[in-house]
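Here is the structure we will look at.
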Protein chains: 2
Amino acid sequence: MGTGSRDVERMIDLLWRTGQPGTRGPRGSLTVDRIVATAIEIADAEGLGGVSMRKVAERLGVTTMSLYRYVPGKEDLLDLMFEMASGVPDTDAWPDDWRGRLTAYALDSRALLLGRPWMADIPLSGPPMGPNNLTWMEAVLSSLDSTGLPDDDMVGMLMLLTSFVLHDVQQQLSMTRAVPRTGVSYEDWGHIYGRTIAARADPERFPTVARVVASGAFGDEASTADEDFLYGITFVLDGIDSLIKTRNGGA
Amino acid sequence: MGTGSRDVERMIDLLWRTGQPGTRGPRGSLTVDRIVATAIEIADAEGLGGVSMRKVAERLGVTTMSLYRYVPGKEDLLDLMFEMASGVPDTDAWPDDWRGRLTAYALDSRALLLGRPWMADIPLSGPPMGPNNLTWMEAVLSSLDSTGLPDDDMVGMLMLLTSFVLHDVQQQLSMTRAVPRTGVSYEDWGHIYGRTIAARADPERFPTVARVVASGAFGDEASTADEDFLYGITFVLDGIDSLIKTRNGGA
DNA sequence: GACTTGGGTATACACCATACACAGTTTTAG
DNA sequence: CTAAAACTGTGTATGGTGTATACCCAAGTC
């Protein structure tokens with residue numbers, strides 16, 4: 001039983017701040033909490049690219065290498081940052097019906113990611129395992145519980161919704177980040193994109209793309225990012241709705 | 001008209017291999033194609049982390065800096081790699097009905113990403129703009145065209161499907177990559193995850209998560225990654241189906 | 001033949017993660 | 001009470017990274 005996978009165990013201990021300190025040597029001057037919080041400060045100020053072991057250590061007044069007494073490596077530090085910055089959803093403010101709750105989840109998690117864009121830059125390294133992220137997960141799953149969906153479907157819906165939000169945020173970030181470089185705002189992107197595609201995309205080769213782009217479906221009418229998101233989330237929920245009906249009803 | 005956004009213009013030229021060489025100086029010994037292809041070779045062999053400007057240049061027998069005569073920087077090189085490695089979908093092998101086609105799209109693009117895992121590691125830097133990626137896009141949109149969905153919905157569905165596939169692949173990769181480190185196979189992950197959650201997640205605090213995990217909905221019965229994916233894609237398509245019915249029918 | 005344009009090179013900078021050996025400190029075992 | 005063991009933080013070193021700058025030279029243009 002329980003062979004292998006020491007790494008995972010270690011990471012879990014870090015995420016849950018469990019794992020007794022061991023009483024032999026001198027008590028450390030740092031804590032995982034302080035390290036992670038400091039890294040988050042840097043990320044908030046300079047983005048994920050600004051986070052380096054050196055800078056974190058410097059800000060804490062220690063050598064770079066001392067961090068490695070607390071954290072296995074940078075990758076794990078990033079995971080810890082994500083967990084800590086995730087915080088916990090304010091489910092009290094959520095509506096009661098599943099649809100409203102899932103919408104709230106989507107909006108809240110999106111707001112979280114947009115407020116701390118570096119979170120969306122962290123390459124994901126596995127399913128959520130920290131307490132905060134589990135709380136988010138619980139919030140979604142419990143919201144779905146009333147729908148009568150089987151557990152497998154609930155998990156599927158959770159993943160679908162999560163991936164949609166993440167992808168949406170990443171797309172939006174990639175565009176808004178280009179603003180200072182290129183002077184193109186999010187609202188203009190539809191135009192630019194449309195014009196670019198229109199200029200290059202031979203209607204013979206890309207008939208549908210050309211038509212759709214020309215129709216302005218890519219936000220040509222200067223839609224807001226939030227509008228686009230709400231629009232997108234709508235039919236994710238529609239899809240879930242239909243699945244519920246299918247599972248409960250016929251077919 | 002067309003102010004700003006020189007960067008985008010340059011990138012488009014690179015993606016489409018347009019942009020005339022300028023006839024004044026000596027003809028270059030390299031081409032964008034050769035550079036990108038070489039970078040892809042390295043990525044195939046060593047992963048995205050193995051790709052460095054130095055290594056690409058070395059393999060081409062030139063200095064590092066000469067690459068910058070052809071490519072603005074590493075980030076753009078990565079985008080070019082993605083575009084080139086994307087290739088073009090074999091739509092002839094796709095079925096005729098929209099559902100079959102979208103399934104084929106999901107499977108094919110997933111296979112592509114799993115075959116070249118580094119593609120999923122490239123941080124996306126905007127909507128698809130290269131010819132190959134537009135071809136993929138065209139394949140999906142044209143498949144949706146027969147459903148009678150309005151253009152906006154078609155775009156939404158495209159994004160939904162794409163984000164689902166990408167997220168699924170990233171998740172699977174993060175788990176299979178942990179195998180050599182931890183000795184935990186993908187099939188075992190459900191167990192590990194379940195056991196871990198079960199051990200930490202207080203059923204008082206995470207009742208639904210605890211129940212769902214205990215029920216084995218996270219792949220506890222040693223399901224294959226492909227099974228999981230097919231299962232997931234099913235209800236994405238179900239969702240699309242219901243949207244189609246909604247749009248065409250009542251409500 | 002002068003001039004302009006552009007390709008490839010060499011050098012240099014600033015930075016990165018982390019392996020390793022070691023000194024100092026604290027607790028525990030004998 | 002002493003010696004071993006455990007543990008922390010440091011210093012140093014390794015082997016990378018992307019890319020700015022200045023330069024020389026070949027190739028076309030006038």
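Residue numbers begin at 1 in each chain, while the letters A, B, ... track the order of the sequences. The figures that follow rest on heavy atoms only: side chains count, while hydrogens, waters and symmetry mates do not.
A salt bridge is defined here as a Lys NZ or Arg NE, NH1 or NH2 lying under 4.0 Å from an Asp or Glu carboxylate O, and B/Arg116 with B/Asp121 fails to meet this definition. At a threshold of 4.0 Å, the pair A/Arg200-B/Asp13 counts as salt-bridged, since one of the basic side-chain nitrogens sits closer than that to a carboxylate oxygen.
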When you compare the protein's N or O atoms with those of nucleotides 5-8 of chain D, which come within less than 3.5 Å of each other, and at what distance?
unit_1 : atom_1 : unit_2  : atom_2 : d
D/dA6  : O4'    : A/Arg24 : NH1    : 3.3

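Side chain to side chain, B/Trp136 and B/Asp108 fail the donor-acceptor criterion of an N or O pair below 3.5 Å.
Not counting sequence neighbours, the partners of A/Arg110 by the salt bridge (Lys or Arg N to Asp or Glu O under 4.0 Å) test are A/Asp168, A/Asp226.
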*Along nucleotides 11-20 of chain C, 5' to 3', which nucleotides get a B, which get an S, and which get a -, given that the test is a protein heavy-atom distance under 4.0 Å?*
B----BBBBB
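Counting only heavy atoms from C-beta outward, the side chains of A/His167 and B/Leu124 approach each other to under 4.5 Å. Side chains of B/Leu80 and B/Ile35 form no contact here, defined as non-hydrogen atoms less than 4.5 Å apart. Between B/Glu138 and B/Asn133 there is no side-chain heavy-atom pair separated by less than 4.5 Å.
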*asked:* Test side chain to side chain donor-acceptor pair (under 3.5 Å) on A/Tyr105 and A/Thr91; report intermediate values, then the result.
replied: CA-CA 9 Å; A/Tyr105 163 71; A/Thr91 47; over 6 Å; no
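Between C/dT9 and B/Ser66, a contact under 4.0 Å exists linking OP1 or OP2 to a side-chain N or O.
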